[in-house]
S.K.: 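Let me give you the structure first, and then I'll get to my questions.
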Amino acid sequence: MNKPQSITVLGATGSIGKSTLDVLARHPERYRVYALTAYQQDELLFEQCVRFKPSFAVMLDEQAGLRLSGRVRAAGLKTEVLVGVEALEQVAAATEVDAVMAAIVGAAGLRPTLAAARAGKRILLANKETLVMAGRLFMDVVRQSGSPLLPIDSEHNAIFQALPERYTGDMGANGVSKILLTASGGPFRNTSLADLQQVTPEQACAHPNWSMGRKISVDSATMMNKGLEVIEAHWLFNAPADAIQVVVHPQSVIHSMVQYVDGSVLAQLGNPDMRTPIAYGLAYPERIDAGVAPLDLFKIARLDFVAPDFERFPCLELAYRALRAGGTAPALMNAANEVAVEAFLERRISFLDIPRLIAHVLDELPTVVVNVLEDVLSADVQARAAAQAWIARS
Ligand code: NDP
Ligand code: MG
């Protein structure tokens with residue numbers, strides 16, 4: 001029996017983090033938890049520490065870190081509590097770590113995920129914003145360090161499974177003609193443009209098929225999530241924008257497909273449960289139980305496919321535009337989107353203001369070439385400022 005793999009879970013208290021711990025708990029002989037991290041939910045992180053006994057627990061928020069530290073001491077746990085961004089990078093890159101689940105939400109996930117890549121760790125990538133913001137830099141680091149990169153986003157995990165095992169990143173040479181990226185269409189798939197003006201954060205967060213964090217839930221409702229995923233697919237599989245086609249598939253049973261030049265289309269199917277791609281990423285190339293119910297095709301009975309509506313969901317178009325513009329454009333778009341989603345959740349802007357705000361930021365700010373990480377971080381700061389100014393004016 002091999003010694004257990006040592007795992008760091010970045011964003012342990014989130015939707016993906018909790019699903020990851022659920023899978024890890026099913027296989028204590030294969031995995032041990034090295035570190036768990038969160039932003040401010042110290043109570044939940046404490047409960048996870050009691051259960052998984054990590055060597056380290058990291059809180060981004062200092063006050064929450066102090067509270068966690070007190071609880072951990074009082075409970076007599078051996079877990080060492082650290083605070084701040086450097087500590088996130090430290091537990092992502094530590095020598096003892098074999099694999100890192102990158103499940104922090106948003107731009108905050110970039111630095112620790114990059115740290116894991118520089119250290120050559122196996123990366124289970126849920127944080128799609130890393131690739132949207134800094135796709136070229138991140139993929140270069142992954143190639144240089146030899147980090148095995150496993151996509152956790154269900155669509156990209158499906159594509160990874162449907163591509164040839166030794167896919168070289170050259171679609172033509174591998175006989176791949178298209179990536180068919182499926183989308184549920186979100187909670188407003190059939191909502192008219194007039195009604196979209198009125199929708200609330202509660203309605204936007206009530207996804208028909210998936211239970212997720214609030215940010216990605218709003219992204220699914222605007223279809224910006226699919227836009228981010230188009231950019232994610234571009235970097236992961238070296239696919240040009242024209243070769244990535246979004247297919248709305250309301251049942252979310254086919255998680256995506258790969259079309260080949262001989263007419264074959266390979267799909268990966270399953271119940272919409274993130275534990276499947278998480279277990280795949282953890283055990284690859286083996287397969288382990290994920291606790292997911294077997295797919296009942298008779299119960300599903302039918303699978304539907306429709307073309308996306310770019311008019312009601314302009315975020316999708318904006319993402320293609322940013323991808324084609326290249327350079328810092330996707331980072332600008334990502335930052336504007338994060339500000340817009342937060343403002344929408346706080347009821348400061350309307351649902352349809354989200355694409356308006358992003359388009360404004362893309363129009364206003366210049367796109368520059370990305371040479372170093374600083375280029376990306378500075379685009380992120382500028383876009384946030386421009387977005388906040390737009391909100392203040394509106
Ligand atoms: P959640 O909002 O549920 O969880 C986010 C996690 O990140 C929490 O642990 C949170 O801590 C932590 N966090 C938040 N902000 C910061 C910060 N500034 N610094 C450090 N840590 C922070 O998100 P999800 O689990 O839904 O999503 C995580 C990532 O996975 C996203 O990038 C998303 O796009 C991607 N993803 C998610 C899917 C899903 O089904 N949920 C599917 C595919 C991809 P705290 O709890 O303390 O706030
Ligand atoms: Mg997805």
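Whatever order the structure lists ligands and atoms in, that order sets their numbers, starting from 1.
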S.K.: By atom name, which N, O or S atom belonging to Glu155 lies closest to the Mg ion (ligand 2)?
M.R.: OE1

S.K.: Hey, is the main chain of Thr200 close enough, under 3.5 Å, to the side chain of Arg347 for a donor-acceptor pair?
M.R.: no

S.K.: Mind checking whether Arg214 contacts ligand 1 via backbone (N, CA, C, O), side chain (CB onward), both or neither, at a 4.0 Å heavy-atom cut-off?
M.R.: neither

S.K.: Relative to ligand 1, is Ala64 under 4.0 angstrom through side chain, backbone, both or neither, heavy atoms considered?
M.R.: neither

S.K.: Checking side-chain contact (heavy atoms from CB on, under 4.5 Å) against Leu125, which of Val142, Leu150, Leu131, Asp153 comes through?
M.R.: Leu131

S.K.: Answer yes when Arg275 and Asp22 have at least one side-chain N-carboxylate O distance shorter than 4.0 Å, and no when they do not.
M.R.: yes

S.K.: Looking at Glu229, which of its N, O or S atoms is the nearest one to the Mg ion (ligand 2)?
M.R.: OE2

S.K.: At a non-hydrogen distance cut-off of under 4.0 Å, which region of Ile104 contacts ligand 1 (side chain, backbone, both, or neither)?
M.R.: both

S.K.: Gly14 to ligand 1: N or O pair under 3.5 Å?
M.R.: yes

S.K.: Going by the side-chain contact (heavy atoms from CB on, under 4.5 Å) test, name the single residue among Leu82, Thr8, Ile104, Thr113 that passes it with Leu88.
M.R.: Ile104

S.K.: Once you restrict to heavy atoms under 4.0 Å, what part of Leu60 touches ligand 1? Side chain, backbone, both or neither.
M.R.: side chain

S.K.: So which bit of Ala108 gets within less than 4.0 Å of ligand 1, heavy atoms only: side chain, backbone, both or neither?
M.R.: side chain

S.K.: If you take the nearest heavy atom of each of Ser220, Gly213, Ser19, which one is closest to atom 26 (O) of ligand 1?
M.R.: Gly213

S.K.: Mark yes when over 12 heavy atoms from residues, nucleotides or ligands other than Glu311 sit less than 6.0 Å from its CD; otherwise mark no.
M.R.: no

S.K.: Do ligand 1 and Gln41 have nitrogen or oxygen atoms that lie under 3.5 Å from each other?
M.R.: yes

S.K.: Under 3.5 Å, is there a donor-acceptor pair between the Gln251 and Asp304 side chains?
M.R.: yes

S.K.: Ignoring hydrogens and angles, state whether a donor on the side chain of Asn127 or Thr130 is under 3.5 Å from an acceptor on the partner side chain.
M.R.: yes

S.K.: Tell me, which N, O or S atom in Asp153 is closest to the Mg ion (ligand 2)?
M.R.: OD1

S.K.: Pick, from Ala103, Ala102, Pro272, the option with the minimum heavy-atom distance to atom 28 (C) of ligand 1.
M.R.: Ala103

S.K.: Any salt bridge between Glu338 and Arg384, counting N to O under 4.0 Å?
M.R.: yes

S.K.: Please identify which atoms of ligand 1 are closer than 4.0 Å to at least one heavy atom of Thr13.
M.R.: 8 (C), 9 (O), 10 (C), 11 (O), 45 (P), 46 (O), 47 (O)

S.K.: Residue-level breakdown please: for Met212 versus ligand 1, do any non-hydrogen atoms fall below 4.0 Å on the side chain, on the backbone, on both, or on neither?
M.R.: both

S.K.: N/O of Ala38 under 3.5 Å from N/O of ligand 1, yes or no?
M.R.: no

S.K.: Using the six-membered ring wherever Trp is involved, compare the ring planes of Tyr34 and Phe56 and label them parallel, tilted or perpendicular (cut-offs 30° and 60°).
M.R.: tilted

